[in-house]
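Here's the structure we're looking at; comments come further down.
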Amino acid sequence: MDYQFESIILSGIDPARPLVIAGPCSAETEEQVLSTARAIASCGIRIFRAGIWKPRTKPGGFEGVGAVGLNWLKQVKRETGMYTSIEVATREHVFAALKAGIDILWIGARTAVNPFAVQDIADALNGMDIPVLVKNPVNPDIELWIGAIERVYRAGIRRIGAVHRGFSSYDNKGYRNAPHWQLPIELRRRIPNLPIFCDPSHIAGKRELIHELSQQAMDLKFDGLLIETHCSPDNAWSDAQQQITPEQLAQLLSALVIRDMDRPSKDLAELRSKIDGIDEQLLSLLSIRMQVAVEIGLYKKANNMPILQSTRYGQIIEQKSTMAKSMNLNPEFIRDIMQAIHEESIRQQMKVINN
Ligand code: PEP
Ligand code: MN
């Protein structure tokens, strides 16, 4: 699909990276919304966020203040001049948000997984002109993410952004939602002109990781950051552990290193060609390894042996992890690679054994 996006940068906003959206996970009270907004505005932030309808994993938790929060956001806009943004999950949310003059809408991760829900929202948006951010679906499925973006685009929305908020996987490796950076990187490859925001708060789940995730996002050339910020994070009614104060936000932003140099240099070209050469060697070694795996498959077939010998597999993984350590390689990374190679060898052997 050939996307013709329009700029998501609203008038009066500095186009320099990162474009920052900040505010509490949830609007809780008028006082909390306004005091957070005042402090955020005084850090120079121009876009405020607050959830008023909250998707919660289990019933009985705080499900948001609902439409009354729209009045508080109107007040934020009047008083601070900031643009306002909220999550919409149904067509009714869209209509209420448009009526209240909300400036930016986002589709949450739990909604982005459901094509019916996304289509409903897209239908409600049809013919409107408002920026819409599409968060990644909770599961690491790039096609589903692109599908949601496409539904919004087909409704005529031209100011679209994607938000990377991490993915829920069996092993989240210390994050609330594992970043799987390769997915937003692939999204950028597939839709190069689509602005991408990172939401380090929902990736991290705890405030200690937010700075390093924001820096990583900047180093990967993300366009913006969406950071949950609360005047009193520990007392927040939702996502307390991942929210930071406006002061911490200001500190984090001023400490970010933005590397924007895109000038080709001879040194870099040389290093890249070195990498290309190494990759070629890796591929040719892999090809040789697969040929040997196939020979082993033929041997097993001739001798009526099963394909998987689990002790052998355990040995391979163990030996290579130990070897990795002595070679200054991350053993977990090598384990993942060896698992992938082994899986492919098994697939190849299955083919020969059943032929
Ligand atoms: C949020 O931004 O508050 C939110 C609910 O996020 P997500 O949809 O990414 O879980
Ligand atoms: Mn939240």
Side-chain angles (χ1 to χ4, degrees), residues 19-28 32-33 36-37 40 45 47-59 61-66 69 72-73 84-90 93-94 97 102-114 117-118 121 131-141 144-145 148-149 152 161-169 172 175-180 183-184 187 196-207 209-210 213-214 217 222 224-245 249:
L19 185 54
V20 180
I21 303 177
C25 175
S26 305
E28 298 161 5
Q32 168 255 2
V33 167
T36 304
I40 285 176
I45 305 299
I47 310 174
F48 185 72
R49 64 150 280 156
I52 60 174
W53 297 290
K54 300 301 299 177
R56 305 316 299 275
T57 304
K58 293 196 176 121
F62 171 58
E63 295 192 330
V65 292
W72 307 341
L73 290 168
T84 54
S85 62
I86 61 167
E87 172 174 351
V88 288
T90 66
H93 294 167
V94 173
I102 297 294
D103 302 287
I104 299 175
L105 307 179
W106 82 80
I107 297 177
R110 289 168 190 77
T111 307
V113 288
N114 182 345
V118 175
I121 293 171
V132 177
L133 307 178
V134 182
K135 286 198 164 196
N136 65 257
V138 280
N139 54 324
D141 183 339
L144 203 51
W145 195 3
I149 291 163
V152 172
V163 182
H164 166 235
R165 49 78 77 199
F167 303 88
S168 182
S169 314
N172 285 339
Y175 297 99
R176 178 177 177 195
N177 293 288
H180 296 312
L183 275 99
L187 180 66
I196 306 184
F197 290 73
C198 178
D199 170 348
S201 314
H202 287 90
I203 296 176
K206 45 179 178 274
R207 56 184 74 102
L209 296 178
I210 293 177
L213 286 164
S214 303
F222 278 47
L225 295 170
L226 189 144
I227 301 184
E228 287 193 338
T229 311
H230 191 292
C231 56
S232 176
D234 287 331
N235 299 313
W237 297 2
S238 60
D239 291 353
Q241 287 164 4
Q242 70 192 33
Q243 304 206 56
I244 57 174
T245 62
L249 175 70

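The model shown is predicted, which means the values in this text are computed figures rather than measured ones. As the structure lists them, so they are numbered: ligands from 1, and atoms in each ligand from 1.
The protein heavy atom nearest to atom 8 (O) of ligand 1 is Ala109 N, 2.8 Å. At the shortest separation from atom 1 (C) of ligand 1 among protein heavy atoms lies His202 CE1, 3.3 Å.
Residue-to-ligand polar distances keep Leu226 apart from ligand 1: every N/O pair is separated by 3.5 Å or more. Between Asp239 and ligand 1, a contact under 3.5 Å exists for no N or O pair. Residue Lys135 has at least one N or O atom closer than 3.5 Å to an N or O atom of ligand 1.
The contact set between ligand 1 and Gly108, taken as ligand atoms under 4.0 Å from a residue heavy atom, comprises 8 (O). Close approach of ligand 1 to Glu228 (heavy-atom distance below 4.0 Å) involves ligand atoms 1 (C), 3 (O). Of all atoms in ligand 1, listed by their number and element, those nearer than 4.0 Å to a heavy atom of Lys54 are 1 (C), 3 (O), 5 (C).
Nearest heavy-atom pair, Ile244 versus Ile210, reported as atom, atom and distance to 0.1 Å: CG2-CD1, 4.2 Å. In plain terms, the two heavy atoms of Ala148 and Ala112 that are nearest each other are CB-O, 4.4 Å. Closest approach of Tyr175 to Ile203, counting heavy atoms only: CB-O, 3.3 Å. For Thr36 against Thr229, the heavy-atom pair with the smallest separation is CG2-O, 3.4 Å.
When each of His230, Arg176, Arg207 is paired with Gln242, the side chain to side chain donor-acceptor pair (under 3.5 Å) condition holds for Arg176 and for no other.
Using a 4.5 Å heavy-atom cutoff, the side chains of Ser26 and Trp237 are not in contact.
The Mn ion (ligand 2) lies at the vertex of an angle of 90° between the NE2 atom of His202 and the OE2 atom of Glu228 (rounded to 10°). The angle subtended at the Mn ion (ligand 2) by OD2 of Asp239 and SG of Cys25 is 100°, given to the nearest 10°.
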For this session: Could you go through the salt bridge (charged side-chain N to carboxylate O under 4.0 Å, His left out) check for Lys54 and Asp239 one step at a time?
Result: CA-CA 11 Å; Lys54 300 301 299 177; Asp239 291 353; 5.6 Å; no
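Relative to atom 5 (C) of ligand 1, the option among Arg165, Arg49, Glu87 with the closest non-hydrogen atom is Glu87.
Residues Arg49 and Glu228 are paired through a salt bridge, judged by an N-O separation under 4.0 Å between the basic side chain and the carboxylate.
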